[in-house]
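Data block below; observations after.
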Amino acid sequence: MLSVCAMARENVDTCTVTTDGFIYSCAGTPCNGYISDYYDSEGSCVRLTGRFKNGVPVDTVKEYYRSGALKSIYYRYNKQYLYAGAKYNYCMLIEYNEQGRCTRYSDDKAGADRCFGDNGELLSVLSYARRKNKSKYYVTYIPGTKSKTIVSGNKRYEYDHEGRLRCYWVRMSERADRRSGVKCATYYVTNYDVNGGISTFSRLYTNIRERDDVLHIEHDFPESFETVPPQDFKEISYPLIDVKDVYKWDYENNRTIITRYVFEDNLWVETEKRSLPRITRIN
């Protein structure tokens with residue numbers, strides 16, 4: 001059996017293939033026909049092979065490591081689904097490490113996405129279903145525990161390893177961007193303690209538009225409240241002690257200003273203001 005690096009053929013188009021996740025391009029032009037991309041200029045070690053039409057895969061796309069080991073297999077089903085007024089094809093993606101073990105198996109048609117460790121152990125499972133013009137409904141859980149995350153439309157529920165609800169997200173639009181007039185995504189986040197009581201209630205105004213300009217697809221939830229960009233407005237309330245912190249971005253000095261308020265006599269009274277370290281922008 002020939003190694004991958006020995007399978008290069010002279011009658012196959014060669015170029016440097018790039019992709020934005022949807023369209024495959026060769027030197028800025030959408031790929032067409034059978035394409036074979038190489039790590040070296042001699043064409044002795046294959047990096048990617050596949051057949052395309054206007055940049056879209058029409059057959060299996062295979063990617064390889066420099067060692068010749070298979071890195072991933074991408075397959076595009078003929079079956080389509082309607083999403084946000086447009087038709088898309090179901091896809092399957094299988095990823096491997098250099099030792100040949102599968103690290104991810106994702107089948108869009110079956111609504112399953114499984115991640116594996118380097119030794120083959122199952123790390124997480126994602127099950128989902130598509131809904132028109134809405135975010136996917138999906139459930140992610142960790143095998144061997146009760147930990148799971150459920151997303152349904154504009155709501156997200158996070159449970160800990162004991163099956164207790166610890167965080168609840170709601171995505172809404174209630175304000176317009178002053179410059180563009182486009183509504184931005186607003187998130188309300190409720191955190192619970194181990195006894196089910198509310199520990200914090202947060203509000204997040206993002207600078208991310210709720211819908212993509214081209215596909216008009218709603219953005220996913222942030223990975224966590226702490227990972228959002230500092231330019232976004234954040235407000236965190238602590239109901240048990242009647243205190244809230246407001247985070248605002250100082251555009252002039254490139255830093256975050258935190259203002260603390262205490263609830264007294266039915267009013268929020270400012271008691272403290274401080275700033276996080278200055279952030280230097282790199283152009």
- When you look at F263 and V243, which way does the side-chain contact (heavy atoms from CB on, under 4.5 Å) test go after all the steps? CA-CA 6 Å; F263 194 69; V243 170; over 6 Å; no

- Query: Short question: side chain of Y39, backbone of Y64 - any donor-acceptor pair under 3.5 Å?
  - Reply: yes

- Would you say the side-chain atoms of D193 pair up with the backbone N or O of N195, donor to acceptor, closer than 3.5 Å? yes

- Hey, are the side chains of Y105 and L93 touching, using non-hydrogen atoms and a 4.5 Å cut-off? no

- Can we say E95 and K71 salt-bridge, meaning some charged N sits less than 4.0 Å from an Asp/Glu carboxylate O? no

- Query: Going by heavy atoms in the side chains, are S275 and I257 under 4.5 Å from each other?
  - Reply: yes

- Note on the structure: All heavy atoms of N78 vs all of N89, minimum pair found to be O-ND2, 3.5 Å

- Task: Take L240 and S199, measure what side-chain contact (heavy atoms from CB on, under 4.5 Å) needs, and give me the verdict at the end.
- Result: CA-CA 7 Å; L240 296 179; S199 57; 5.8 Å; no

- Spatial distance of atom CG (D113) from atom CE (M92) [nearest 0.5 Å]: 12.5 Å

- Message: Tell me whether I258 shares a hydrophobic cluster with L204, the cluster being built from Ile, Leu, Val, Met, Phe, Trp, Tyr side chains joined at under 4.5 Å.
- Response: yes

- side-chain contact (heavy atoms from CB on, under 4.5 Å) between K62 and L70, intermediate numbers included: CA-CA 7 Å; K62 295 183 179 181; L70 183 63; 4.2 Å; yes

- Give the minimum heavy-atom separation between D40 and C45, together with the two atoms involved. OD1-N, 3.3 Å

- Quick one: does F52's side chain get under 4.5 Å of N32's, heavy atoms only? no

- Message: Could you check whether atom NZ of K244 has more than 12 heavy atoms from other residues, nucleotides or ligands sitting under 6.0 Å from it?
- Response: yes

- If you round to the nearest 0.5 Å, how far is SG of C26 from CD1 of I35? 4.5 Å

- Message: Test of understanding: clusters of I, L, V, M, F, W, Y form through side-chain heavy atoms closer than 4.5 Å, transitively. Do V262 and I236 belong to the same one?
- Response: yes

- Message: Whether the side chain of N154 engages the backbone of R171 through a donor-acceptor N/O pair (distance < 3.5 Å, no angle test) should be reported.
- Response: yes

- Query: Can you tell me how far CH2 of W169 sits from CG of N191, rounded to the nearest 0.5 angstrom?
  - Reply: 8.5 Å

- What pair of heavy atoms forms the shortest contact from V46 to Y38, and how long is it? CG2-CE2, 3.6 Å

- Message: For the backbone of N119 and the side chain of E121, can you confirm whether one donor and one acceptor N or O come within less than 3.5 Å of each other?
- Response: yes

- Under 3.5 Å, side chain of D59 to main-chain N/O of R51, donor-acceptor pair present? no

- Mind checking whether V139 and Y157 sit in one hydrophobic cluster, side chains of I, L, V, M, F, W, Y counted as touching below 4.5 Å? yes

- Item | Evaluation steps, salt bridge (charged side-chain N to carboxylate O under 4.0 Å, His left out), between E270 and R260 | CA-CA 6 Å; E270 180 181 329; R260 169 155 289 190; over 6 Å; no

- Query: Do R101 and D118 sit within salt-bridge range, that is, some charged N less than 4.0 Å from a carboxylate O?
  - Reply: no

- Message: Check for me, please, whether V58 and Y34 land in the same ILVMFWY cluster - side-chain distances under 4.5 Å, paths through other members count.
- Response: no

- Message: Go through it in stages, so that I can follow the logic: the residues are Y247 and D245, the test is side-chain contact (heavy atoms from CB on, under 4.5 Å), and I'd like the CA-CA distance, side-chain angles, deciding distance and then a yes or no.
- Response: CA-CA 7 Å; Y247 296 68; D245 293 331; 3.9 Å; yes

- Decide whether T149 and E158 meet the rule of one side-chain donor and one side-chain acceptor closer than 3.5 Å. no

- What is the distance from atom NZ of K146 to atom CZ of R164, rounded to the nearest 0.5 Å? 9.5 Å

- Note on the structure: For Y192 and L165 the tightest heavy-atom approach is CB-O, 3.5 Å

- Task: Without swapping roles, check the side chain of S237 against the backbone of P239 for a donor-acceptor pair under 3.5 Å.
- Result: no

- Query: Is there side-chain contact between F233 and K248, with at least one heavy-atom pair below 4.5 Å?
  - Reply: yes

- Shortest non-hydrogen contact from R76 to P57? CD-O, 3.0 Å

- Message: Treating D265 as the side-chain partner and L267 as the backbone partner, does any N or O pair qualify as donor plus acceptor under 3.5 Å?
- Response: no

- Taking atom CZ of R114 as the centre, report whether more than 12 heavy atoms of other residues, nucleotides or ligands fall under 6.0 Å from it. no

- To the nearest 0.5 Å, atom OH of Y96 lies from atom CD1 of I94 at 4.5 Å

- In Å and rounded to the nearest 0.5 Å, what is the OH to OH distance from Y168 to Y188? 12.0 Å

- Message: Membership question, hydrophobic clusters at under 4.5 Å side-chain separation (ILVMFWY): are V170 and Y159 in the same one?
- Response: yes

